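Here the structure comes first, spelled out in structure tokens, and everything after it is commentary.
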Amino acid sequence: MAEALQQLILDTLDKHSKIHDTRQLIIPGQQEPAASQDAQIIILGALNSLLSREMILYESHEVLSNVLTPEGEQIAKDGSHEARVWAALPLKGEGSAVNAVQLKKLVGDETAKVGQGRAFKSGWIGKEGDGFVKLIPTITDATQLDLQEVGSSGTHKSGEKLLADLRKRKLVTQKKGQWFTVTKGSSFSTSTAKPETDLTVEMLTSGSWKTSTYKKYNFEAEGTPTNGGALHPLLKVREEIRNIFLEMGFAEMPTSSFVESGFWCFDALFVPQQHPARDLQDTFYLSDPKNSLHPEKEYYKRVSTVHEHGGFGSIGYRAPWSHEESTKLLLRTHTTASSAHMLYKLAAKCRGEKVDDESGEYTHAGSKTGATEQDDGFRPAKLFSIDRVFRNETMDATHLAEFHQVEGVVADRGLTLADLLGFMRVFFNKMGIEKVRFKPAYNPYTEPSMEIFAFHPLLDRWVEVGNSGMFRPEMLEPMGFPKDVRVHGWGLSLERPTMIRYGINNIRTLVGHKVPIESIENAAAVMF
Ligand code: PHE
């Protein structure tokens, strides 16, 4: 119906270029013009649909239209009271008269009361004995016809006088109504086909794009709301940990080189060249280029010597040194490779090198011993980094081949293990971990070494959170540090505290393509 009506409007416009009064339209399926308000409401629906496609324009006009009251409706349907009285009676001479009591039964009290007098007045019925009979065989029920006309057209051709009379009789009331004039719109066409919203390959190949009608862009539309950016939980935790280091007076190390040589990742740290961590199964090696440039000659010599033959109070590993192994390029397996670079740089003055960078960016003025700078050029430092490392791990719910390490390094004269323990207690306390325990462990580059355990109240058990130790003289002395300089460090993963913090038990819901974007957007800020 809706389609047919729209089509009618378009066809009428096509023929006459204007519809002066929509009350003149004959809605498909109806016989009479659409003069009633109900019909105009149906037409308005069709007009709005065509207007939204800019196929037409319309103007609305207000009228007071006449509508039937419920009584008026009934008369339009069943006839006037007087006609119903007349119809209930036998024609004079053709049957026995109907008395008043019988009439009430036949047509109802109300109709009998009102209709009887009027029928009399009109000469339709008469008395016979104590009853009533029809005087004429046919009547014209003008009231019914008038109401039918008003009901379908909202007005009457006899004019206002008759309408006023019907209103007085409470058969008709006035209601505000609308009608419309319609003209062609900018996209006028007689086709009601839905306008295209997309230009498709099919339309281009078939050529139908030339004749299609297109939906206009709606620049007023609000569009789908865009979300603001959201920090990944790892970045939030990273920031928190970063702040803890900064408030403890640490400086951030540059850690941008993911690719390191075996020399910096292992040799400089006194990791034996045969150590299993260096195996292909544990470390990603580069195939092109395969090898690094030659490390600085003197330092390289000291490192290779301490490995092969010992020195600085050590007997070394006493295994043949492989230059090839040392220059192999790899993806760093720990950020301690970056720490090694920084420590080597920190010891430059101790090696008697002229240092350009006097800014002291990475060194710390407040030494434990109070000595800021001695003749040997050493300056204490507190350094940290939080960055990515790579390990050839079998991936499972808690392991990926790449993750982030948090690492702190402190260099000063005469540091003891107690200093390291104290530092870590403060550090983990700031992260909200109050109960920490340390367990002796082994690292090739630290002695002593300790694993760090934290009590996890939700899991109700101790979980390993990190690794730590005092760097060995075999590592520090070849760099050029004076003998009384101690360096300690600790490292932990960024993922573990993040997973604990956000209650995530599968790392794939934290990192990678399966991460639900809502979990990122909804992740609360961390507050250790
Ligand atoms: N590099 C160690 C690791 O990967 C962490 C560590 C850093 C240990 C510094 C001791 C000193 O677990």
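Since the structure is predicted, the reported quantities are computational estimates derived from the model, not experimental observations. Values below: all heavy atoms of this structure, side chains included; hydrogens, waters and symmetry mates excluded. When a ligand or atom number is given, it counts from 1 through the structure's own listing order.
Considering backbone and side-chain N/O atoms, Glu407 never comes within less than 3.5 Å of an N/O atom of ligand 1. The distance criterion of under 3.5 Å between nitrogen or oxygen atoms is met by Tyr445 with respect to ligand 1.
Of the options Trp490, Phe427, Phe245, a ring pair (Phe, Tyr, Trp, His ring centres under 6.0 Å) to Phe384 is made by Phe245 and by none of the others.
For His334 and Tyr445, the ring centers sit closer than 6.0 Å to each other.
Ion pairing between Glu239 and Lys236 fails under the 4.0 Å rule for side-chain N and carboxylate O. Ion pairing of Lys430 with Glu247 is present here, as a side-chain N (NZ or NE/NH1/NH2) and a carboxylate O approach within less than 4.0 Å.
Closest approach of Thr283 to Ala277, counting heavy atoms only: OG1-O, 2.7 Å.
Residue contacts with ligand 1 include Arg391, since one or more of its heavy atoms lies under 4.0 Å from the ligand. Under a 4.0 angstrom heavy-atom cut-off, His488 registers as lying outside contact with ligand 1.
When heavy-atom distances to ligand 1 are checked against a 4.0 Å cut-off, Asn443 comes that close only through its side chain, counted from C-beta outward. Looking at Ser468 against ligand 1, only its backbone comes within 4.0 Å, counting heavy atoms. Within the 4.0 Å heavy-atom criterion, both parts of Asn467, backbone and side chain, lie near ligand 1.
Of all protein heavy atoms, the one closest to atom 7 (C) of ligand 1 is Thr336 OG1, 3.6 Å.
Judged by distance alone, the side chain of Asp376 and the main-chain N or O of Phe378 form a donor-acceptor pair under 3.5 Å.
Cation-pi geometry between Arg351 and Tyr344 is met: the NZ or CZ atom falls under 6.0 Å from the ring centre, inside 45° of the normal.
When each atom of ligand 1 is checked for a heavy atom of Gln405 under 4.0 Å away, the hits are 3 (C), 4 (O), 12 (O).
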